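The structure displayed is predicted, hence computed values, not measured ones.
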Amino acid sequence: MAQYTPPLRDMQFVLHELFDVSAEFKQMPRHAEIDTDTINAVLEEGGKFAAEVLFPLNISGDAEGCTLDKATHEVHAPNGFKDAYDQYVQGGWPALSADPEFGGQGLPIVVNQCFYEMLNSANQAWTMYPGLSHGAYECLKAHGTPEQKATYLPRLTSGEWTGTMCLTEPHCGTDLGMLRTKAEPVAGAPAGTYRLTGQKIFISAGEHDLAPNIIHLVLARLPDAPAGSKGISLFVVPKFLVKADGSMGERNPIFCTALEHKMGIHASATCQIDLDGAVGTLVGQPHKGLNAMFVMMNAARLGVGNQSLGLTEVAYQNAVAYAKDRLQMRSLSGPKATDKPADPIIVHPDVRKMLLTARAYAEGGRALAIYIALLIDKELSSDDEDERKACADEVALLTPIVKAFLTDNAWLATSHCMQVYGGHGYIKSAGMEQYVRDARINMIYEGTNTIQALDLLGRKVLGDNGARLKKFGRLIAEFVEEEGTDEAMQEFVNPLADLGDKVTKLTTELGMKAFANADEVGGAAVDYLRICGHLVFAYFWARMAKVALAKQGGGDPFYTAKLHTARFYFAKLLPETSGLMRSARSGVAPLMAMDEALF
């Protein structure tokens, strides 16, 4: 029987003991009154909603999937999903971190981050329905007209309506410069009003029956648009047109024509969308739509990393429970459960390695996810332009790592956790194989992990001559210097310092190679991102170890477990970087030397 317990104790450790978020909030006028008790109370209630309302729908939703009525173009989500969404709205959860100006509660982004981790653990497919609404809200808040904000933001904030982003077309995925959807001005209508015609695919939550209206953010081309990505504009296209008084009007001709049949997240409606003269209004400036949409795309990339963090946590919890209960063979060093016919499999070293891999990736990922959410809070709250820019630069550097490293790790972790189950792991009733299927998808959408790697190395590192990376490197160097004389910390800071030096040298080498041949970036990028992911994790694991060392004397087993996991990470997972560096240095020649005809 599958189970899920919200990891509130570890969240509290990261929030309050590692990052001391309450002290950080006191420096932010809009959050100065948010204290530890408030954060804990909100997350405790959010955990109850995730565990008691969403989690019981996860396996049944996967089995049932979504259904499309082709005559009406309406999609029915699995049974129980709409009722769960109604409870989500009634509880005020959509408004958690939204601006009070639009009806939000104004809580920090970092609180919403923790809440959404629990939702993703409990039921990733369900969470995708309200999930993109946050990105739509942020995009319209940043680039919408006053009329658009007044019309849509309060209803996205309340959860009365949901949002999507419509980018991909059948002939173009990541290469959005190839998109063909057209936007024609509507004669006699208010300025900025257009009719859109085209087809979009892979639109998550593009049609459903959880909310009465869906607000689509659609990329399209104006008649005078230049070719390529510089000719893309952004439009807000509601499922139902909105009247002047704010009520819903007639049905807009933006229809779901088919549902994709996917390997995972079956309960999330992934739609093919046809626009047949659908009415939309321009968001931002003409031909600048891609820049505006990046607000939503970057939010989605962080959200996908959070999806995989959630899957890693819930897979770990279930694998641990199974390993403690399942009897198989005896320990190599002699029987441990002498009163039983065999030992529980948790006594076997390789089972423990699989479990600790998942645990280390979950707890390291949680620290990174909360850290980047805190950076976003600082960026949004600071009156200091230099601080805002510094936070934005760090978020930009870490975003591809959150998306790619956390999703790669979830694929490894959920696969390991399924392996712990043995033959029962690939049987549907155990629930574990669903996590593996869902996790594999997260590595692909919202920009494949290779695209994230190219973004990190090519744009975020080499693109500014390593300036962002050097800033993060200084954080590591300062920490290493502070802890350099603490004997108890040497097992953590020494490998961290060593990896930091090696990443600096590797980055310089790759930059010189790329100057001579740009393909060298493509040859090394995936290895490089994973190396940087480990550098970031090593930094946070060393910081967590410092806290645990200081508090383990109190007798709380939580800190003992945290230290054991930290030591496992440094001993068994971090050494992966050595092989990755050799691979990155091998260059592009082994990849490109063979003639295409020989493939």
Is the shortest distance from a Lys or Arg side-chain nitrogen in [X] or [Y] to a carboxylate oxygen in the other one below 4.0 Å?
{"X": "Glu387", "Y": "Lys378", "answer": "no"}
{"X": "Asp343", "Y": "Arg330", "answer": "yes"}
{"X": "Arg359", "Y": "Glu363", "answer": "yes"}
{"X": "Glu17", "Y": "Arg9", "answer": "yes"}
{"X": "Glu313", "Y": "Arg366", "answer": "yes"}
{"X": "Glu576", "Y": "Arg530", "answer": "yes"}
{"X": "Glu138", "Y": "Lys141", "answer": "no"}
{"X": "Glu478", "Y": "Arg474", "answer": "no"}

[X] side chain vs [Y] backbone, donor-acceptor pair below 3.5 Å:
{"X": "Thr407", "Y": "Ala404", "value": "yes"}
{"X": "Ser583", "Y": "Gly579", "value": "no"}
{"X": "Thr38", "Y": "Ile34", "value": "no"}
{"X": "Thr312", "Y": "Ser308", "value": "yes"}

With a sphere of 6.0 Å drawn around [atom1] of [X], does it hold more than 12 non-hydrogen atoms of other residues, nucleotides or ligands?
{"X": "Glu24", "atom1": "CD", "result": "yes"}
{"X": "Arg585", "atom1": "CZ", "result": "yes"}
{"X": "Lys572", "atom1": "NZ", "result": "no"}

What pairs meet the side-chain hydrogen bond (donor to acceptor under 3.5 Å, both in side chains) rule with one or both residues in residues 485-496, with sequence neighbours excluded?
->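 side-chain hydrogen bond (donor to acceptor under 3.5 Å, both in side chains) check on residues 485-496 returns Glu491-Arg567.
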Mind checking side-chain contact (heavy atoms from CB on, under 4.5 Å) for Ala514 and listing every partner two or more places apart, or none if nothing turns up?
->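 In terms of side-chain contact (heavy atoms from CB on, under 4.5 Å), with neighbours along the sequence ignored, Ala514 is linked to Leu462, Val521.
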Please list, chain by chain and in numerical order, all residues satisfying side-chain contact (heavy atoms from CB on, under 4.5 Å) with Thr560, sequence neighbours excluded.
->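 side-chain contact (heavy atoms from CB on, under 4.5 Å) list for Thr560, sorted by chain: His564.
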Listed pairs under 3.5 Å, donor-acceptor, residues 497-506 side chains, sequence neighbours left out:
{"unit_1": "Asp498", "atom_1": "OD2", "unit_2": "Lys502", "atom_2": "NZ", "d": "3.1"}
{"unit_1": "Thr504", "atom_1": "OG1", "unit_2": "Gly500", "atom_2": "O", "d": "3.1"}

Given the rule in the salt bridge (Lys or Arg N to Asp or Glu O under 4.0 Å) test, do Arg468 and Glu394 qualify, once you have shown the distances and angles that lead to the verdict?
-> CA-CA 7 Å; Arg468 293 185 186 97; Glu394 198 170 350; over 6 Å; no
Stepwise side-chain hydrogen bond (donor to acceptor under 3.5 Å, both in side chains) test for Ser331 and Ser333 | CA-CA 5 Å; Ser331 167; Ser333 58; 3.1 Å; yes
Indicate yes or no: at least one non-hydrogen side-chain atom of [X] is less than 4.5 angstrom from one of [Y].
{"X": "Arg326", "Y": "Ile346", "result": "no"}
{"X": "Cys114", "Y": "Ile370", "result": "yes"}
{"X": "Trp541", "Y": "Leu496", "result": "no"}
{"X": "Glu45", "Y": "Trp93", "result": "yes"}
{"X": "Leu456", "Y": "Leu397", "result": "yes"}

What about Tyr361 and Tyr316, are their ring centers closer than 6.0 Å?
->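 No; Tyr316 has its ring centre 6.0 Å or more from that of Tyr361.
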Classify the angle between the aromatic ring planes of Tyr539 and Phe479 as parallel (below 30°), tilted (30 to 60°) or perpendicular (above 60°).
->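 Plane angle over 60°, so perpendicular.
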Just do the side-chain hydrogen bond (donor to acceptor under 3.5 Å, both in side chains) check on Thr507 and Tyr528 with the steps written out, would you?
-> CA-CA 9 Å; Thr507 304; Tyr528 183 83; 2.7 Å; yes
Side chains of [X] and [Y] only: does a donor on one sit below 3.5 Å from an acceptor on the other?
{"X": "Asn40", "Y": "His16", "value": "yes"}
{"X": "Tyr445", "Y": "Gln307", "value": "yes"}
{"X": "Asn442", "Y": "Gln124", "value": "yes"}

If you look only at distance, which donor and acceptor atoms sit under 3.5 Å apart when one is on a side chain in residues 106-113 and the other is two or more places apart or in another chain?
{"unit_1": "Gln113", "atom_1": "NE2", "unit_2": "Asn306", "atom_2": "OD1", "d": "2.9"}

Who are the salt bridge (Lys or Arg N to Asp or Glu O under 4.0 Å) partners of Lys460, not counting sequence neighbours?
->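 Per chain and number, Lys460 pairs via salt bridge (Lys or Arg N to Asp or Glu O under 4.0 Å) with Asp455.
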